[in-house]
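Values reported hereafter were calculated over all heavy atoms of this structure, with side chains retained and with hydrogens, waters and symmetry mates removed. Atoms within a ligand are numbered from 1 in the order they appear, just like the ligands themselves. Positions are given from 1, in the same order as the sequence printed here. Because the structure is predicted, anything quoted here is derived from the model rather than measured.
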Amino acid sequence: MTTKLSALQRWVDEVAARTQPETIHWCTGSDDEYQQLVDLMVEDGTLSPLNQETYPNCYLHLSDPTDVARVEHLTYVCTEEPDDAGPNNNWMSPADGHARVDALFDGAMQGRTMYVIPYCMGPITSPYSRCGVEITDSPYVVVNMKLMTRMGSAALERIERDGKFVRGLHSTGDLDPERRFIMHFPDELYIKSIGSGYGGNALLGKKCHALRIASWQARSEGWMAEHMLIMGIENPEGETHYIACAFPSACGKTNLAMLIPPHSMPGWKIHTLGDDIAWLHFDDDGCLRAINPESGYFGVVPGTNEETNKNAYDMITRDTIFTNVARTEDNEPWWEGKADGKPAYDWRGQPYDPSQGKAAHPNSRFTVAATNNPSYSELADAPEGVPISAIVFGGRRKRLAPLVYEARDWKHGVLVGASAGSETTAAAIGEVGVIRRDPMAMKPFCGYNFGDYWRHWLSLEERSDKLPKIFHVNWFRQDDDGNFLWPGFGENLRVLKWIIDRCEDRVGARETPIGYLPEPDDIDTAELDISAETMRVLSSVDLDRWRIENAHFATYLDSFGERVPQELRDEHERVASELDKAS
Ligand code: SAT
Ligand code: MN
């Protein structure tokens, strides 16, 4: 196969000339193609079949032990002006960026097959969708892209119609961390990634395209590309509200998106639209609508069980690719937090020895098509997307943030998102558990200067009088002994109910310097083993800690210099003075 789109054909020829593959394979996206690639990888050891009786069509991939997470320090945004990438990104000039990686791509695919993957982020017929083509020498990337995106012939037809596509060039290279780069050239809608086969570094449709490049495109075209799950919440009366929630990697977006309502909330239903990325556009009525550009999940495995996320637990018993989990004697996948079985081999493929660390890597992942999810929404393929009632920010905060609070208005909501922080997780290489600022959960993913990004958020207020309300949640508060105060998981629906009641003006709230908080009794705790005192702690504001937090954020804002919108500084000062007054 080839293409009638000359710009695409030319690019493929040019890449082939540089990387010198043995053959070129244009991906059709068919099930047969998927199976052939899986068989090929089973033959060469890239994949191992798991127990086909209990885990039909499930396979295990063990990556190089140095290649198990995103590498933020090797991820660059290449713009002419360093300030356009901003202090939130590593910067290189486009000329240097190309030169740096092109040298590594020279001859990189010798003796290998080069796969050309046309893909569409979002429903094929949606005006909000955007397309890309990834060229890779990794069949593992191809099968993951098949599970995660709408890829193959239908996407190619749309690309040929649109004439426009994001280019993503990937090679696993030699996996040497010294020769690993993830480069973005937003002006050219071009991504070049080499030296890693891992998820966010290699599946270029995901973070590289759908967040870094798309956030750049979104600013110039007047929409938003955000690190948000999308879910529908249906109450017993049959009324459904859609919300979009931004939490950092490995903070429970997948679990929340496919939550199972607790026993005390009969008649409630959850509909999953997406678990990681939302593209938000205004419709003609000024209503903000969301589509999920992806069509599959790349979720964290450890901790997944029938209690925490039964939908995910069930959906990954078939048709799933596991990456870096452990294995039992019966060849079933195993991970920390799985209720049954025990590990025989660890994520490096070695006989399990507890003194060598965890059996499954803390960032081990499942890749599975969204259609496997029992709570998958019927509207996930709707070209017009779903209307968003609330935007919810959050993160892991042991001490500071209350269970839930609501921003006073849009401007304050932008500040709430911009000042979000979270403890780091195993989703990226680096220290785990330290607080870092993570505005809108986009720290690793915003493809341009955060100052300009906040300005873009603020500007939306002029576009509509139907903007969603903005909230902040924290499922991760702990007591002095490190016990979680809130049970989390399915019980989080109790908090979402309060959020929806606020959107519908059905419940009051208490005004505080940080925003509106529920009265402790306004969150229903029926059938929960939680004391009134704990609820009081969860719904109170520690003014001293908040003043320290606010001062810390001021310093952070300063690091963006003149790019910080004055409106955001003013809003920050307003909150600071409210905090001073209240203390
Ligand atoms: O590796 S990914 O970026 O795809 C997953 C994540 O970190 O959110
Ligand atoms: Mn993510």
Side-chain angles (χ1 to χ4, degrees), residues 61 63-64 66-75 119 121 134 136 138 140-141 143-145 147-149 168 170 172 180 182 184 191 193 195-215 225-231 244-258 272-279 292-304 312 321-325 361-368 370 392-396 420 422-430 432 436 438-447:
H61 172 71
S63 53
D64 185 283
T66 67
D67 186 33
V68 293
R70 281 182 292 101
V71 282
E72 294 177 10
H73 60 295
L74 303 174
T75 301
Y119 63 86
M121 299 312 284
E134 175 165 357
T136 179
S138 160
Y140 169 81
V141 165
V143 293
N144 275 273
M145 287 290 282
L147 296 174
M148 301 285 305
T149 69
H170 169 257
T172 336
R180 182 177 292 164
I182 326 293
H184 302 75
I191 304 151
S193 163
S196 167
Y198 170 79
N201 304 328
L203 311 175
L204 301 185
K206 196 172 178 58
K207 309 297 186 174
C208 299
H209 176 169
L211 287 175
R212 297 196 192 93
I213 296 289
S215 62
E226 299 297 330
H227 192 205
M228 293 175 177
L229 68 87
I230 312 164
M231 68 195 288
C245 308
F247 311 150
S249 300
C251 288
K253 285 195 299 300
T254 306
N255 291 340
L256 188 67
M258 48 187 76
T272 316
L273 277 293
D275 78 329
D276 197 37
I277 302 177
W279 284 359
N292 172 13
E294 301 185 284
S295 60
Y297 311 120
F298 185 65
V300 177
V301 187
T304 306
I321 295 175
F322 289 89
T323 300
N324 297 334
V325 296
H361 189 276
N363 192 40
S364 50
R365 297 272 170 164
F366 58 75
T367 320
V368 66
V392 183
F393 296 115
R396 292 177 184 264
S422 189
E423 290 147 29
T424 50
T425 68
I429 299 289
V432 170
R436 74 159 176 184
D438 195 349
M440 282 80 171
M442 283 286 277
K443 165 68 191 76
F445 308 122
C446 182

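By the criterion of a separation under 2.8 Å, the protein N/O/S atoms near the Mn ion (ligand 2) amount to Lys207 NZ, His227 NE2, Asp276 OD1.
Atom NZ of Lys206 and atom CD of Glu294 lie 3.5 Å apart (nearest 0.5 Å).
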Inventory of protein N or O atoms under 3.5 Å from ligand 1 N or O:
residue	atom	partner	partner atom	Å
ligand 1	1 (O)	Tyr198	OH	3.1
ligand 1	1 (O)	Gly200	N	3.0
ligand 1	3 (O)	Arg70	NE	2.9
ligand 1	4 (O)	Gly200	N	3.3
ligand 1	7 (O)	Arg70	NE	2.8
ligand 1	7 (O)	Arg70	NH2	3.0
ligand 1	7 (O)	Ser249	OG	3.0
ligand 1	8 (O)	Lys207	NZ	3.1
ligand 1	8 (O)	Ser249	OG	2.8

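Put simply, the residue from Thr304, Asp275, Asp276 that forms a side chain to side chain donor-acceptor pair (under 3.5 Å) with Thr254 is Asp275.
Ile230 is listed as a side-chain neighbour of Asn292, based on a closest heavy-atom distance under 4.5 Å. Put simply, the side chain of Leu204 does not reach to within 4.5 Å of the side chain of His209, judged on heavy atoms. Within the 4.5 Å cutoff, the side chain of Ser193 has no heavy atoms near those of the Thr75 side chain.
Considering all non-hydrogen atoms of both residues, Pro302 and His361 come closest at CG-O, 3.5 Å.
Side chain of Asn144 to backbone of Gly199: no donor-acceptor contact under 3.5 angstrom is found.
Within the cation-pi definition used here (under 6.0 Å to the ring centroid, within 45° of the axis), Lys253 does not qualify as a partner of Phe247.
The aromatic rings of His227 and Phe445 sit perpendicular, their planes meeting at an angle over 60°, well past the 30° parallel limit.
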